[in-house]
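Below is one structure; the comments refer to it alone.
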Amino acid sequence: MADSQKYVYSFGGGKADGKADMKTLLGGKGANLAEMSVIGIPVPPGFTITTEVCAQYYENGKKLPDAVKPQVQEAIAKVEAMVGSKLGDPSDPLLVSVRSGAALSMPGMMNTILNLGLSDVAVEGLAKKTGNPRFAYDGYRRLIDMFGSVVMGVDHEHFEHELDSLKKQRNVALDTDLSGDDLKILVEKYKAVYKKYTSTDFPQDPIEQLWAAIMAVFNSWEGKKAVEYRRIERITGLKGTAVNVQAMVFGNMGGDSGTGVAFTRDPNTGENVFYGDYLINAQGEDVVAGIRTPEPISRLNDEMPKVYEQLLKIRENLENHYKEMQDIEFTVQEGKLYMLQTRTGKRTGTAAVRIAVEMVGEKLIDEDTAIKRVSPDSLNHLLLPQLDPKSKLKAVAQGIAASPGAATGKVVLSAEAAVQFAVDHPNEPILLVRKETSPEDVAGMNLAKGILTATGGKASHAAVVARGWGKPCVVGCGALHIDEKAGTVTVAGQVVKAGDFITINGTNGDVMIGQAATVDPEVSGDFATLMAWADKKRKLKVRTNADTPKDAKKARDFGAEGIGLCRTEHMFFEGQRIVDMRKMILADDEAGRKSALAALEPYQREDFIGLFEAMAGLPVTIRLLDPPLHEFLPHDEAGQAEVAKQLNVPIEKVRRRVEQLHESNPMLGLRGCRLAILYPEIGDMQVRAIIEAAIAVKKKGIDVLPEIMIPLVGTIEELAFLKKRAVAIATEIIAVENVKVDYLIGTMIEVPRAALTADQIAEEAEFFSFGTNDLTQMTFGFSRDDITSFVPTYIDQKILKVDPFQSLDTVGVGQLVIMGVDKGRATRKAKGEHLKVGICGEHGGDPDSVAFCHKVGLDYVSCSPFRVPIARLAAAQASLADGEAISRDR
Ligand code: PEP
Ligand code: MG
């Protein structure tokens with residue numbers, strides 16, 4: 001790289017080298033500091049070292065490009081000139097902060113160091129200059145702590161221990177109650193801790209401090225916490241982090257100083273109110289770390305009315321400028337307000353929808369922007385269970401409602417315990433209860449259904465992370481007394497042990513002991529408005545995978561436009577049905593099978609009538625029996641004995657049949673269409689039940705559009721064989737009943753050979769539905785039931801970017817989809833027809849996969865009922881993203 005490359009961008013004093021749209025290069029924080037400087041918002045001067053430097057640092061084996069140092073020196077000189085003091089000046093030292101900032105915000109993930117530039121000499125100078133030794137020594141001890149822990153890896157607890165023991169000695173509760181002399185003593189203790197754990201003295205040269213801090217930020221990019229966060233959030237493709245070096249302003253200079261974080265709207269509900277917290281006489285991280293419970297921002301109006309008024313103006317300016325809800329950090333130094341950061345505020349799905357819809361009403365943005373603003377996955381939040389209003393559980397305490405939805409789970413008291421609990425009890429819900437959370441806890445937090453903390457405000461780590469992930473969260477519940485060692489939480493005089501149930505309501509902050517019922521949400525209000533806007537834009541239809549009228553109705557309420565997959569096997573497991581099913585499997589001959597199937601037929605007919613009625617007038621795709629028959633028989637001795645008794649046959653017969661049905665690889669054995677070819681009477685019964693149900697519903701005056709789907713087809717001959725039988729049966733019933741039913745017969749494309757020969761298969765198939773679960777399984781050769789043994793490692797090792805069963809592998813499996821669509825459509829087009837093509841694998845509800853389905857011209861996606869709104873929004877976004885992209889034949 002040429003040495004003339006610009007690696008360092010200055011800002012401050014109403015000017016900046018960068019601007020807001022340079023996030024990739026300057027990181028979000030750096031780009032916005034530059035932008036704020038330019039639009040006249042008071043920002044302390046500083047500079048940003050680009051993400052490109054981070055990328056080159058790692059590319060060159062952890063070596064910085066040569067031109068960085070001189071450019072940093074030049075930028076320091078500019079800051080010194082603007083502030084009017086110099087780094088290391090013994091009488092008037094310039095102090096700076098060093099912060100990370102990638103293009104996407106990663107809360108708490110990267111390290112921050114404040115008060116850089118203090119030393120034994122400089123601290124004296126600062127004390128004299130400010131006339132405030134308490135302030136100077138407080139800053140110094142904080143620097144030694146942060147520098148020690150962040151740069152040198154000393155456990156923060158060792159410093160904290162010294163602070164606590166001094167507070168005990170002085171018999172005071174708060175840090176702010178310690179005097180200047182106390183803090184001077186503390187500095188010496190901290191230096192001793194530093195020396196003990198690093199075997200070096202705390203560095204006295206500010207330039208040495210600065211470079212060590214800058215390198216620590218770059219190194220933290222590949223640190224465990226940051227890597228873990230990126231993995232969970234599926235963040236890939238970033239260059240690295242930028243480093244922001246900025247002149248310090250101080251919120252801890254006394255009662256007329258303070259620091260706070262705020263959102264321009266409520267990030268929890270989306271309400272258009274100023275929302276946040278502040279602490280008087282505190283520095284930077286105190287508010288976010290949740291160490292002291294801060295004051296709500298509205299109270300600042302009483303304590304510092306001028307500052308509050310100024311903040312309200314800035315709030316308005318920022319929203320008008322960015323046309324987006326902002327998350328801001330500010331510091332008040334002796335009555336003067338400075339903005340330290342602004343960025344797009346993280347919000348719950350509920351808030352995202354409300355803010356987007358209201359901003360359209362306020363004419364800040366248009367409908368298309370509103371649609372693009374809401375991440376489809378964040379809608380999960382609106383689809384989260386809410387506390388059942390009929391629940392009898394009484395709240396025993398209240399905290400701050402930090403992230404909505406109700407969560408009920410078994411109490412665990414640490415993130416490590418959560419990880420262990422999930423291994424020991426994989427299916428049990430976890431509720432993480434902590435005093436506060438920190439970035440180390442993210443893995444455990446991710447496993448929890450909900451998070452409850454004793455301290456911290458709306459912007460605490462727990463609140464921000466939970467909100468980002470759409471997990472219910474209650475913070476700042478001071479009534480909790482947590483004893484991690486004893487494994488108990490005491491609240492309102494009651495003791496809850498680890499493993500007992502607690503319920504939280506993140507919508508109103510209630511904490512309840514015990515397990516509460518939850519209810520499903522509905523699409524209404526702003527949510528319905530946004531969905532209606534999305535529906536106007538999308539080209540893909542959205543169907544649902546449903547096997548019961550209840551699920552079908554729920555999906556319709558969520559906007560489903562038909563059923564894309566009814567897995568009929570789910571209809572054979574209950575009550576008398578499983579008995580008849582087993583009779584059929586154990587029958588000695590065709591006659592025996594037919595008689596068992598005759599008993600099953602009325603059930604099937606009723607099931608289909610229910611589905612057709614629920615979906616009145618919308619297409620319903622019913623798949624003929626797919627799984628191997630052994631799945632309907634028990635594999636254990638006791639279960640087999642019970643079946644033998646129930647069916648009045650010898651147990652040996654049951655055992656023998658199970659042995660006969662055993663396959664080494666049942667996923668590739670006798671299942672799907674193969675089963676229907678070997679035992680045609682099964683498919684015949686199902687086709688009869690479908691057509692008879694359709695006629696019965698039509699007779700009631702309800703329109704029906706049945707689509708009979710044949711699974712696991714790999715050759716045209718398989719499909720032709722089964723289609724011929726189905727058509728014969730349907731034609732006969734329709735003729736006898738004399739009721740016209742428009743039905744289609746199509747196939748799933750889930751065997752690679754079907755995609756490769758889709759032109760032939762479309763000669764018979766009247767529609768295709770990509771079964772991308774099996775198609776992924778067979779294309780990768782990954783057993784879908786056994787991937788947990790290696791796919792997580794593959795993702796860690798970057799062999800796979802994501803689990804291909806969650807998000808469609810567009811590069812590989814996607815090629816088969818494209819080939820299937822193109823070849824199939826060409827065949828039908830030659831007949832002057834359009835081949836309807838959909839997808840019914842799990843990918844149908846994954847936003848990235850939905851975007852792919854749109855791009856390759858599918859007609860619809862089908863997903864589980866709760867993902868229907870997500871797919872509708874994802875489809876609209878894909879459509880809006882089309883732009884100049886070549887649109888395919890649809
Ligand atoms: C598929 O394979 O994608 C599919 C939808 O079928 P199933 O998951 O039932 O095998
Ligand atoms: Mg399948």
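Here, residue 1 is the first one in the sequence, and each next residue gets the next number. Remember, it's 1-based here, ligands and their atoms both numbered in the order they're listed. Scope of the values below: all heavy atoms of this structure, side chains included, with no hydrogens, waters or symmetry mates. Please read these numbers as outputs of a predicted model, since none were measured by experiment.
Annotation: side chain of Ser879 is in contact with side chain of His854 (closest heavy-atom distance under 4.5 Å). With contacts defined as side-chain heavy-atom distances shorter than 4.5 Å, the pair Leu800/Phe780 qualifies. The shortest distance between side-chain heavy atoms of Phe612 and Ile622 falls below 4.5 Å.
A salt bridge does not link Arg671 to Glu631: none of the charged side-chain nitrogens sits closer than 4.0 Å to a carboxylate oxygen. Using a cutoff of 4.0 Å between basic side-chain nitrogens and carboxylate oxygens, Arg872 and Asp535 are scored as salt-bridged. With salt bridges taken as basic N to acidic carboxylate O contacts below 4.0 Å, none links Asp822 and Arg825.
The nearest N/O/S atom of Asp774 to the Mg ion (ligand 2) is OD2. The Mg ion (ligand 2) is closest to atom OE1 of Glu750 (considering only N, O or S atoms).
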Review point. Going through the distances and angles, do Glu569 and Arg623 end up as a salt bridge (charged side-chain N to carboxylate O under 4.0 Å, His left out)?
Key: CA-CA 9 Å; Glu569 59 269 23; Arg623 177 177 77 184; 2.8 Å; yes
What are the distances between nitrogen or oxygen atoms of ligand 1 and protein nitrogen or oxygen atoms, counting only those under 3.5 Å?
from: ligand 1; atom 1: 2 (O); to: Glu750; atom 2: OE1; distance (Å): 3.0
from: ligand 1; atom 1: 2 (O); to: Asp774; atom 2: N; distance (Å): 2.9
from: ligand 1; atom 1: 2 (O); to: Asp774; atom 2: OD2; distance (Å): 3.1
from: ligand 1; atom 1: 3 (O); to: Gly771; atom 2: O; distance (Å): 3.3
from: ligand 1; atom 1: 3 (O); to: Thr772; atom 2: N; distance (Å): 3.0
from: ligand 1; atom 1: 3 (O); to: Asn773; atom 2: N; distance (Å): 2.7
from: ligand 1; atom 1: 3 (O); to: Asn773; atom 2: ND2; distance (Å): 3.3
from: ligand 1; atom 1: 6 (O); to: Arg623; atom 2: NH1; distance (Å): 2.9
from: ligand 1; atom 1: 8 (O); to: Arg567; atom 2: NH2; distance (Å): 2.8
from: ligand 1; atom 1: 8 (O); to: Asn773; atom 2: ND2; distance (Å): 2.9
from: ligand 1; atom 1: 8 (O); to: Arg784; atom 2: NH2; distance (Å): 2.7
from: ligand 1; atom 1: 9 (O); to: Arg567; atom 2: NE; distance (Å): 2.7
from: ligand 1; atom 1: 9 (O); to: Arg567; atom 2: NH2; distance (Å): 3.3
from: ligand 1; atom 1: 9 (O); to: Arg623; atom 2: NH1; distance (Å): 3.0
from: ligand 1; atom 1: 9 (O); to: Arg623; atom 2: NH2; distance (Å): 2.9
from: ligand 1; atom 1: 10 (O); to: Asp774; atom 2: OD2; distance (Å): 3.0
from: ligand 1; atom 1: 10 (O); to: Arg784; atom 2: NH1; distance (Å): 2.9

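None of the N, O or S atoms belonging to Asp626 lies under 2.8 Å away from the Mg ion (ligand 2).
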